[in-house]
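Below is one structure, written out as structure tokens; the observations come after it.
Every value quoted in this text rests on a predicted model; they were computed, and no experiment measured them. First listed ligand is number 1; within each ligand, the first listed atom is number 1.
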Amino acid sequence: MKPYLKRAWAEVSLSRLKKNVEIIKSLSSESTQVMAVVKADAYGHGDEHIIKFLYGNCGINYFAVSNLDEAIVVRNCAPDAEILILGYTPPEYAHEISMYNIIQGVVSTEYANQLVKNTPGTLRCHIKIDTGMGRIGLKHDTPQSCAEEISEITKIKKLSVEGIYTHFAAADSDDPNNIAYTDRQEKFILDTYDRLADMGIKLKHCHFMNSAAVCYRNNPKSTLARAGIILYGLHPDTSLAIPEGLEPVMDLKAVISHVKTVKKGDCISYGRTFRAEHEMKIATVTIGYADGYSRLLSSRGEILVCGKRCRITGRVCMDQLMIDISDVPEAKAGDIVTLIGRDGDDRITADELADIYGTIGYEVVCGISKRVPRIYID
Ligand SMILES: *Cc1c(COP(=O)(O)O)cnc(C)c1O
């Protein structure tokens with residue numbers, strides 16, 4: 001493979017990442033440590049590079065991932081870091097969890113028992129409480145009964161319970177009902193933590209903040225801030241602003257491979273969904289849906305060429321797409337174009353693309369495919 005084939009590539013700015021970390025740290029209290037969420041290949045940014053940089057250059061010592069394979073990548077990049085697996089690991093792999101000194105999220109008493117049965121070592125864990133997300137975790141009507149179940153789990157031999165955590169379902173909303181809902185989720189875990197303390201069980205960690213909570217409802221009682229999307233400079237929800245200074249870390253670029261003039265009535269791309277209404281200058285660009293640039297952007301998305309926005313004409317193909325460059329006479333084959341990022345005074349973000357076709361920035365960056373090399377700049 002060519003080390004840097006100028007076709008379609010993502011530029012990942014480490015200096016912007018570092019600045020985002022500094023802003024997140026400045027938003028958090030002294031009692032809260034930043035836990036970098038690097039699941040899904042660091043939200044598509046390339047996990048090894050991102051983890052090494054966060055660990056070596058940004059003072060990050062806590063990482064969260066979705067599964068054991070991702071956790072082992074973190075362990076290899078960050079030898080002394082604390083690593084939490086947020087999601088499911090089959091109990092058969094418990095010995096690897098202990099061997100790599102990883103912390104597993106535990107979702108039930110039964111699961112805790114299965115894990116310890118499968119490892120000769122001590123298994124470190126944080127217990128997940130479902131306070132309203134409805135996904136995984138212990139579910140109870142009262143903090144008291146929740147604390148009682150956790151208290152029993154702490155008695156399991158070879159299990160080291162180091163914390164409890166929960167996940168907010170709607171912390172990225174300013175709707176009063178959602179705020180009240182999140183308040184109740186937060187109160188439930190804090191009360192559970194206090195009930196445990198009353199029983200003499202003092203846990204090192206109690207955490208519930210995700211990116212949205214860091215931005216809109218910072219609470220010093222959360223010992224960890226599990227920051228994902230804001231680390232990469234995107235919005236938990238585009239309807240709410242994020243703190244000043246957070247910048248998107250990933251840009252997406254491609255080149256113009258071909259330029260032509262089409263006549264009134266000429267069709268562009270599959271299905272003939274685009275027909276020129278007058279003479280136009282059309283450029284072909286070397287990126288398509290197989291690169292993770294969604295076909296849902298057909299005839300809707302815009303691309304920056306020489307600092308100007310150019311509309312996609314017709315359907316996005318697997319490896320290529322066409323744009324209208326009638327207003328950019330200087331554009332020519334070989335020019336670099338910006339699908340995500342800044343060019344001149346204008347900027348297109350992953351959040352903007354997500355809004356066009358009805359998803360979230362998370363899915364856009366996670367969806368940039370393996371074919372697209374990540375180039376680390378600054
Ligand atoms: C993914 C995830 C996060 C990070 O969420 P962001 O919105 O990206 O900050 C935090 N906690 C849990 C349990 C998660 O699954």
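Here Asp41 does not pair with Arg374 in a salt bridge; the nearest charged N to carboxylate O distance is not below 4.0 Å. In this structure, Asp327 does not pair ionically with Lys308, as no charged nitrogen and carboxylate oxygen lie closer than 4.0 Å. Using a 4.0 Å cut-off between charged side-chain N and carboxylate O, Asp324 and Arg311 make no salt bridge. We find that Asp251 and Arg16 are joined by a salt bridge, their nearest charged nitrogen and carboxylate oxygen being less than 4.0 Å apart.
Below 3.5 Å of separation, one finds an N or O of Ser211 facing an N or O of ligand 1. Of the N or O atoms in Lys128, none lie within a sub-3.5 Å distance of an N or O in ligand 1. At least one N or O atom of Gly228 sits closer than 3.5 Å to an N or O atom of ligand 1. Looking at ligand 1, you won't find any N or O of Ala227 less than 3.5 Å from one of its N or O atoms.
Of all the heavy atoms of Arg226, the ones lying under 4.0 Å from any atom of ligand 1 are found in both the backbone and the side chain. Residue contacts with ligand 1, taken as heavy atom pairs separated by less than 4.0 Å, involve Arg135 solely via side-chain atoms from C-beta onward. The side chain of Leu86, and not its backbone, has at least one atom closer than 4.0 Å to an atom of ligand 1 (non-hydrogen atoms only; side chain from C-beta on).
Aromatic pair Tyr232/His45: ring centres closer than 6.0 Å. The distance between the ring centers of Phe168 and Tyr181 does not fall below 6.0 angstrom.
Remark: minimum distance from atom 4 (C) of ligand 1 to any protein heavy atom is reached at Tyr43 OH, 3.4 Å. Ranking protein heavy atoms by distance to atom 7 (O) of ligand 1, first place goes to Tyr362 OH, 2.6 Å. Closest to atom 3 (C) of ligand 1, if we only count protein heavy atoms, is Lys39 NZ, 3.7 Å.
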Determine, stepwise, if the pair His205 / Tyr62 fulfils ring-ring contact (aromatic ring centres under 6.0 Å, His included). CA-CA 12 Å; His205 286 291; Tyr62 285 89; 5.6 Å; yes
